[in-house]
Amino acid sequence: IYILNTEWMIVLRPISTLANCRNASSSPKISIDFELTQEAYKSKDNLELLRSLVVFKLCSYDLLVDKNKELMDISKFLLGKKAFEQFMKLTFYGQFVAGEDHKSIKSLIQKNRAFGVGSVLDYSVEEDLTQEDAVTKEMDSCVSATEKEGMSKEKQYKAHQQFGDRRGGVTGARTYFYSDEAKCDQHMETFLKCIKASGGSSVDGFSAIKMTALGRPQFLLQFSEVLVKWRRFFSFLAAQQGRDGMEALEQRLELQPLQVYRTHRPLTTTIFDLLKAVSLCPCRTIDRLDWNSLIDDRIKISDLLVVPNLETGQLEPLLNKFTEEEEKQMKRMLQRLDVLANHAEEHSVRLMVDAEQTYFQPAISTLTVEMQRIYNRGKPVIFNTYQCYLKEAYDIVTMDVELSRREGWFFGAKLVRGAYMYQERSRAEEIGYEDPINPDYETTNIMYHKCLDYILDEIGLNRNANVMVASHNEDTVKHTLRRMNELGLTPTENKVYFGQLLGMCDQISFPLGQAGFPVYKYVPYGPVNEVIPYLSRRAQENRGFMKGSQRERELLWKELKRRLASGQVFYRPSPELGL
């Protein structure tokens, strides 16, 4: 039955796509000109345009960016705390951060909303730790009592002291280090306030969370290793049946050959019985999604952390034992996630789970999908983040879309290129495992568009998928608009969203918003001194962005000169000029 249905779907997809294209031909095509600076910057006064020009220019100087932390420390010493904070609000902080708390950011959120742009709220406060303190916290929180007694594990999923400070080689993403359970509860309370603020400021807001803020990262590290080893075992068995080298969704295991294999190798009373239990179709085959379900139904959290042994055929614990406290810590992390998801649903806010390092991400992605299976039944509440600089990004996206299709829930995704490239490459080379990152930027672009096209096709088929195109790349935005026109997807359906960072790429965000597209700014907020680590990395990110293209500065100058030439020296944005 499954094979027949699969063949039917293969035929149906192009037919449905063609039908959508025919419908699209009768509806007006939407085209946006990103060169119209008067439209792009109508929400900004002249001082805001000038500030953007100055900040972007400063971010293009290597010396200033490399020494930005030291320069800010000197400025704070010379100016004093109060004057320094005022200076930052007039420059870098004012450009990239919305305000100090959920009350002070309301005016900016409402102003952007009046001009067609929504908000993804992100409380961006980080601990200002020394590198030594960060490494100590990371090593203590990623190593269990069992490992300290000498247990070995796969090196990619083992904490390494030289990479203990996860802030290194990261652009833009904030970083959390585990202190204790009370600190995790504080992070949860902060996220709850952020969700409430998002619901109170907008009827269609998003809020972002990071899973490493909600519990001991040891669990994410170990669960990720378990998930990867199970997937490798599936690939090993598939290779035995001549099915290696296929895309993830195409790989299927026949159980009869496995039965024969069992007579020649000690495969498993345990694993084989599990395989039979999940195999319900007449053809007696299973795919990767069936395979993943083998570890879904365990009672104790620590019982999830078992891996198949190729030699003995038994399911073995990843670690010999777990302390009672470690078991409680794992459960508390899941409980915090559940509290946040419930709160988001109650306040009609979409919850976006940020992606993190590859040694945490398999667990983060799996737990996010589990929340989607619960909360995305009636509408998309939980959004997973997919890093398209990963070699396996397309396989992960297609597997999750297929699972949502089979089980009948709304697929929600944010597509990003990724924030951890330099750190990931360096770690893989130094420790000695395969680099998980695509070889170059162009390959990442291809992967991004491949994943995006697959999701857009799924939206065109049944309207049960949703995607945020989180990109500053104008070509990617134009590609999305072109595909939406081909598929007959309209902005008012609210199936395709666009996202950019606050203070960047307004020439993309605001024309999209004023044309009726759901577009959002990622809005960081927090006290000036506590957001300094975030601003420091934002300067690093802007340097590469501004060196790669001077287009935004050119457009800003063009608009500023147009206003001065037309006598608009004291131009003030008016909400009536927005939508």
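Being a predicted model, the structure only gives us computed values, none of them experimental. Any value given below was found using the heavy atoms of this structure, including those in side chains, with hydrogens, waters and symmetry copies removed.
- Between His187 and Phe191, the two ring planes are tilted [angle within 30° to 60°].
- Relative ring orientation between His449 and His479 is described as parallel, the plane-to-plane angle staying below 30° on a 0-90° scale split at 30° and 60°.
- Remark: Arg463 fails to qualify as a cation-pi partner of Phe410 under the 6.0 Å distance and 45° angle criteria applied to the six-membered ring.
- When only modelled atom types and interatomic distance are considered, Arg425 and Tyr420 share no side-chain donor-acceptor pair under 3.5 Å.
- In this view, Asn462 and Glu458 satisfy the side chain to side chain donor-acceptor pair (under 3.5 Å) rule, not counting sequence neighbours.
- Counted by atom type alone, Ser119 and Asn112 present zero donor-acceptor pairs between their side chains at under 3.5 Å.
- Figure legend: cation-pi geometry between Arg417 and Tyr448, with NZ or CZ positioned under 6.0 Å from the six-membered ring centre and within 45° of its axis.
- The ring pair (Phe, Tyr, Trp, His ring centres under 6.0 Å) test applied to Tyr394 returns Tyr454, not counting sequence neighbours.
- In this structure, a donor-acceptor pair under 3.5 Å is absent between the side chains of Glu424 and Gln357.
- With respect to Asp506 and Lys521, a salt bridge is recorded, a charged nitrogen being found less than 4.0 Å from a carboxylate O.
- Ion pair Arg551/Glu35 flagged as a salt bridge, since at least one NZ, NE, NH1 or NH2 atom sits closer than 4.0 Å to an Asp/Glu carboxylate oxygen.
- Ion pairing between Glu189 and Lys193 fails under the 4.0 Å rule for side-chain N and carboxylate O.
- Between atom CD1 of residue Ile32 and atom CD of residue Glu474 there is a gap of 10.5 Å, rounded to the nearest 0.5 Å.
- The two residues Leu221 and Tyr157 make their nearest non-hydrogen contact at CG-O, 3.3 Å.
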